[in-house]
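Single-structure report; data block below.
All residue numbers in this chain count up from 1 along the given sequence. These values consider heavy atoms only, across backbone and side chains, with no hydrogens, waters or symmetry-generated copies. Bear in mind that the values here come from a model prediction, so they are computed numbers and not experimental data.
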Amino acid sequence: MKNRIITFRVTDEEYALLTERTKKTGITGENLSEYIRQQVFGEEYPYQKEKLLRDMNYQIRKIGVNLNQIAARYNSSLYLEQDRRLVMQYMEELKMLLEKTQDMIWPSQS
C-alpha cells in the first residue's frame, strides 16, 4: 500500500518536459506519479504496451482494408500482377509489426 507522500519542486521547463514525456507513454497528467515511479524503479510501464498495441491494431486494419480491395478485384477478374506484389508487401509489413510488438511485450531474456 502506498502511504508515503514525496513532494519536490521543478522549474516550469522541467515540468513541461516531464508532462511531454509522460504523454508520449499515453499517461495523462493526473498520473505523473506513476510515470515517475516507473522511471525511478525501472518498472515496465503498461501504457507503452497499450499504445503500441493500439498503433499495431490500426496498421493491421489498414492492411486488411487493402487486402480486401485486392480480393474484390481478384473476384471480379480485374486482378493485376501488381496486386500480387502488394499482397507480399502487406504481409511483410504485418510480419514486421508483429515482431516489433512481440519484442516490446516479451523482450528477449539475453
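To the nearest 0.5 Å, atoms CZ (R37) and CD1 (I6) are separated by 9.5 Å. Taking CD of Q69 as the start and CG of D83 as the end, the distance is 10.0 Å to the nearest 0.5 Å. How far CG of N57 is from CZ of R61: 4.5 Å, rounded to the nearest 0.5 Å. One finds the CD1 atom of I70 at 5.5 Å from the CZ atom of R73 (value rounded to the nearest 0.5 Å).
Although no hydrogens or angles enter the test, the distance criterion places a donor-acceptor pair under 3.5 Å between the side chain of E14 and the main chain of T11.
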- Task: Show the numbers, then the answer: is there a side chain to side chain contact (heavy atoms under 4.5 Å, CB included) between L18 and I36?
- Result: CA-CA 9 Å; L18 181 61; I36 293 169; 4.0 Å; yes
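The salt bridge (Lys or Arg N to Asp or Glu O under 4.0 Å) test applied to R21 returns no partner, not counting sequence neighbours. Judged as a salt bridge (Lys or Arg N to Asp or Glu O under 4.0 Å), and not counting sequence neighbours, the contacts of E20 are K24. Applying the side-chain contact (heavy atoms from CB on, under 4.5 Å) criterion to I63, with sequence neighbours excluded, gives L67, Y90, E93, L94, L97.
V10 is listed as a side-chain neighbour of F8, based on a closest heavy-atom distance under 4.5 Å.
Cluster annotation: M56 is not connected to M96 through the hydrophobic network of ILVMFWY side chains, with a link wherever side-chain heavy atoms come within less than 4.5 Å. A chain of hydrophobic side-chain contacts below 4.5 Å, direct or via other Ile, Leu, Val, Met, Phe, Trp or Tyr residues, connects V40 to Y15. At a threshold of 4.5 Å between side-chain heavy atoms, the hydrophobic network of Ile, Leu, Val, Met, Phe, Trp and Tyr places V65 and L86 in two separate groups.
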